[in-house]
> 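Below is a structure I'd like to ask you about.
The first residue in the sequence is number 1, and the count goes up from there.
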Amino acid sequence: MASNIEGFSFEQWHGKERVRVGRVWKNRAGRHFFVEWNVSISLLSDCAAAYVRDDNSDIVATDTMKNTVYVKAKECSEQLSMEDFAILLAKHFTSFYHQVTSATVKIVEKPWERVYIDGQLHEHGFKLGSEKHTTEAIVKKSGALQLTSGIAGLALLKTTKSGFEGFIRDQYTALPETRERLLATEITASWRYSYESLSSIPQKPYYFTERYLDVKKVLVDTFYGPPKEGVYSPSVQNTLYLMAKSVLNRFLDISSVQLKMPNIHFLPVNLKNKDNETIVKFADDVYLPTDEPHGSIQASLTRSLSKM
C-alpha cells in the first residue's frame with residue numbers, strides 16, 4: 001500500500017534473495033528424505049523513516065530473514081511441502097513483526113530424485129533431475145493468502161502427430177504448411193490455488209507436493225495423448241489450451257493456469273549443391289536442433305465464477 005510522504009506517493013519492499021537451504025529428514029526405518037530450496041523473501045512494511053530520515057528502528061534486517069529460513073527449516077521436524085514452508089515463513093514475518101503488513105515468499109526446489117540401484121530405491125542416494133518445482137506465497141497480516149505453484153523447465157518432445165496449417169500467408173511468409181512435424185517445447189507453468197486464507201488450506205501433510213505431481217502428470221498426459229496412438233496437435237496454441245483446460249477440469253481447488261510453451265524447432269536436414277539442387281533429402285529422419293530463434297506461445301486460463 002502506498003503512503004504519502006512529503007507530497008510524494010511512496011511504496012517500498014525489502015527482502016533477501018537466493019537463500020539456499022538443504023534439509024534432510026530421517027524416518028525410523030532409516031530412510032532419508034532430502035530437499036534443496038532456493039528461497040526469496042520480500043516484505044511490505046512500515047519503515048519509511050529509514051528512507052526519509054536516519055532511522056532504521058523499524059527495519060527487519062535481511063540477515064535476520066536469511067537466518068529465519070534456517071531456523072524454521074530446523075523447526076520443521078516432519079517432512080512438509082515447499083508450499084507449506086513458504087506459507088510458514090510468510091506467516092512468521094507478518095505475525096512476529098508489527099511493522100510487516102504483507103510477506104511474499106518465493107521458493108524454487110532443485111529436482112533431487114532418489115536413485116535406483118539394482119532395481120531398488122536407495123535409502124539415502126539422490127541424483128539431480130530436470131524440471132523444477134516453484135511456488136509463491138503471499139500472506140497478509142489479516143491472514144489473507146495468495147498461493148501459486150508451478151513448474152519450470154519441463155522439456156517435452158514428440159516425433160509425430162503434430163502439424164501447422166492454415167495460418168496467414170503474405171509476402172514475408174516462407175514457412176511451408178505441414179501435417180507432419182516434430183513438436184518440442186520447454187514448459188513454464190504456474191497455477192493459482194483458490195485458497196484465500198491461512199485457515200482454508202488443507203491440513204493434510206504433503207498435500208501440495210502430491211498436487212504438484214498430479215498437475216504435472218495431467219500436463220504431460222494431455223501433451224502426448226494415449227501411449228499407442230497419441231493425439232494430433234494442430235498447433236502449439238491448441239495443445240496449450242487443452243493442457244490448461246485439463247488441469248482446471250481435473251482439480252477444483254485450482255482457479256487459474258498460465259502456460260508458456262516455446263516452440264523449439266527441429267529443422268529437417270536437406271543437402272543441396274551450389275546450384276541449390278537437393279542432393280540428399282533426409283525427410284523426417286535427420287534434424288538440425290535449434291535453440292534460437294524459437295516461437296513464443298503463452299496464455300492463461302481462469303475458471304469462470306459460474307463453474308466454481
> Is there a side-chain contact between L145 and E196 (heavy atoms, below 4.5 Å)?
no
> Could you tell me whether D214 and K217 make a salt bridge, using a distance below 4.0 angstrom between a side-chain N and a carboxylate O?
no
> Classify the ring geometry between H122 and H124 as parallel (under 30°), tilted (30 to 60°) or perpendicular (over 60°).
perpendicular
> Counting only heavy atoms not in Q171, do more than 12 fall under 6.0 Å of its CD?
yes
> With a 4.5 Å limit on heavy-atom distance, are the side chains of T101 and D46 in contact?
no
> Less than 4.5 Å apart, side chain to side chain, heavy atoms only: is that true for T68 and I41?
no
> Are any side-chain N or O atoms of R192 and backbone N or O atoms of Q146, one a donor and one an acceptor, separated by less than 3.5 Å?
no
> Can you find a pair of side-chain heavy atoms, one from I187 and one from I151, that are under 4.5 Å apart?
no
> Apart from V231 itself, what residues make up its hydrophobic cluster when side-chain heavy atoms of I, L, V, M, F, W and Y under 4.5 Å apart count as a link, directly or indirectly?
none
> Checking one residue: W112. Which other hydrophobic residues are in its cluster under the side-chain 4.5 Å linking rule?
V24, F34, F126, L128
> If you link I, L, V, M, F, W and Y whenever their side-chain heavy atoms are under 4.5 Å apart, who else ends up in the same group as L121?
Y116
> Please check: side-chain N/O of T159 versus main-chain N/O of L182, any donor-acceptor pairing under 3.5 Å?
no
> E131: what forms a salt bridge (charged side-chain N to carboxylate O under 4.0 Å, His left out) with it, not counting sequence neighbours?
K216
> Answer yes if the side chains of N238 and S235 hold a donor-acceptor pair under 3.5 Å, and no otherwise.
no
> Is there a donor in the side chain of D170 and an acceptor in the side chain of T173, or the other way round, less than 3.5 Å apart?
yes
> Connecting only ILVMFWY residues whose side-chain heavy atoms lie within less than 4.5 Å of each other, what is the rest of F167's hydrophobic cluster?
F164, L175
> With distance as the sole criterion, is a donor-acceptor pair present between the side chains of R181 and S162 under 3.5 Å?
yes
> With sequence neighbours excluded, tell me which residues meet salt bridge (charged side-chain N to carboxylate O under 4.0 Å, His left out) with E136.
K106
> Below 4.5 Å, heavy atoms only, C-beta onward: do H92 and L89 meet side chain to side chain?
no
> Is there a side-chain contact between Y195 and I87, using heavy atoms and a 4.5 Å cut-off?
no
> Between K132 (side chain only) and P111 (backbone N and O only), is there a donor and an acceptor less than 3.5 Å apart?
no
